[in-house]
Structures are given as structure tokens and as C-alpha cells.
Amino acid sequence: MQYPSPQDQRLYHEQVWKLVRQVPYGKVTTYGQLAQMIDCPPGIDENDYDMLGSRWVGTAMSACPNDVPWHRVINSKGKVSTRPGAQSQQQRLEKEGIVFAHDRINLTIYGWPVEERTGAPAQGDLF
DNA sequence: GTTGTGACATCGC
DNA sequence: CGCGATGCCACAA
């Protein structure tokens, strides 16, 4: 993907939303995953993007349309975001069949995409 | 135009 | 395992 014009700033957000929309029912993804999946915008070092990309994703989610299943996006800790209404978010996820273990989601099972993920975060003694 | 927040991830202690 | 500090962009007032 390339970024032809400055409007990419908006496109970046749209890309995030697109990816979130692609998340299948009963699956969840993390901000870090999304940040890695999306190519870093022009004029930005991948190094920095790797660190801060997740933030932009969060910023993008702050303005996510209603048709975006934002509740399927969680943080690396396997927990719902610190955003207001997180409680409701967990409820929605459980409603979709996702099981919370100790207020945490087992990304090994519900993680998306299903690709191999080296060093699953926050798994530890979960399983 | 400037200032202040923010729905994150990672490392150190 | 929890808390604090760091990195940076986008957006609203």
C-alpha cells in the first residue's frame, strides 16, 4: 500500500477500521497487532511507529464509526481497553462467545489473525 | 496557532 | 504482578 497524499492521515484511520471490520465474529485483536499489520505512514520511522503505532490506532478508534466492532480490539494484556465503557465491552465480547479467564482473553484461541504469534502476550499461566 | 489530552506498548524496579 | 516513565501523532478547545 502506498500513501499518495496527505489525506493519508484520514486513510490511516480508515485502514484501522477496515482491519477491525475484518475481525471475524468471536475473535479479538490487539492494538499492537493492528499497528504491525498496517504499514507505517510516510515520513515516519518504523522504529518509532513500532512503539507509537499502537497509540495512533487507539486515536483512530476514538473516532471509530458505529459499524466498527471496536469491542473486538483489546490491549496486549489481553484485557479490554482502559476506555470508559470497558465493562460494557467485556460484556459484548462474552456475548459473542469469547470467554474471559481472570478478566483476560486467551489470545492463543481468540487472537486474530490466526497466524503464528511468537511469544503470546499475557498468556503465562493462563493455560 | 498553541496547549492539552488520549481507547497503547514496552522496559525497569 | 503492579506502578511509573518514555515515545509520538491526531484532534478538540
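Labels below follow one simple rule: chain letters A, B, ... track the order of the sequence lines, proteins then strands, and each chain is numbered from 1.
Sorted by first and then second residue, the salt bridge (Lys or Arg N to Asp or Glu O under 4.0 Å) pairs with a member in residues 46-73 of chain A read R21(A)-D67(A), R72(A)-E96(A); sequence neighbours excluded.
Between D50(A) atom CG and dC9(C) atom C1' there is a gap of 15 Å when expressed in whole angstrom units. In this structure, Y31(A) places its OH atom 14 Å from P of dG6(B), rounding to the nearest Å. Rounded to an integer number of Å, the gap from N47(A) CG to dT6(C) C1' is 13 Å. One interatomic measurement links the two molecules: CG of N75(A) to P of dG6(B), which rounds to 17 Å at whole-angstrom precision. Straight-line distance from the NZ atom of K77(A) to the C1' atom of dC8(B): 8 Å, rounded to whole Å. Atom pair E46(A):CD and dG7(C):C1' shows a separation of 16 Å (rounding to whole Å applied). Put simply, NE2 on H71(A) is 14 Å from C1' on dA7(B), counting in whole angstrom units. Protein atom CG of L34(A) is 20 Å distant from nucleotide atom P of dC9(C), rounded to whole Å.
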Give me, pair by pair, the N or O atoms of the protein and of nucleotides 10-12 of chain C that are less than 3.5 Å apart, along with how far apart they are.
| unit_1 | atom_1 | unit_2 | atom_2 | d |
| --- | --- | --- | --- | --- |
| dC11(C) | OP1 | R10(A) | NH1 | 3.4 |

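Residues K79(A) and F100(A) fail the side-chain proximity criterion, which asks for heavy atoms closer than 4.5 Å. With a 4.5 Å cut-off on side-chain heavy atoms, L107(A) and V28(A) count as touching.
Dashed line: the shortest gap from a side-chain N or O of T82(A) to OP1 or OP2 of dG6(B) is not under 4.0 Å. Close to dC8(B), at under 4.0 Å from its OP1 or OP2, lies no side-chain N or O of S76(A).
Residue K79(A) is the one, among D48(A) and K79(A), whose nearest nucleotide of DNA chain C lies closer to the 5' end (criterion: closest heavy atom).
Listed here is the closest heavy atom pair of Q22(A) and W112(A): O-CZ2, 3.7 Å. The two atoms that bring A35(A) and S54(A) nearest to each other are CB-N, 3.7 Å, heavy atoms only.
Side-chain N/O atoms of R55(A) and base N/O atoms of dG7(C) include a donor-acceptor pair closer than 3.5 Å.
In this structure Y110(A) satisfies the side chain to side chain donor-acceptor pair (under 3.5 Å) test with no other residue, sequence neighbours excluded.
With distances taken from any side-chain atom of S54(A) to the nucleotides dA9(B), dG7(C), dA7(B), the minimum falls on dA9(B).
Residue S81(A) is classed as a sugar-phosphate contact, given heavy-atom separations below 4.0 Å to backbone atoms only.
Although no hydrogens or angles enter the test, the distance criterion places no donor-acceptor pair under 3.5 Å between the side chain of D45(A) and the main chain of N47(A).
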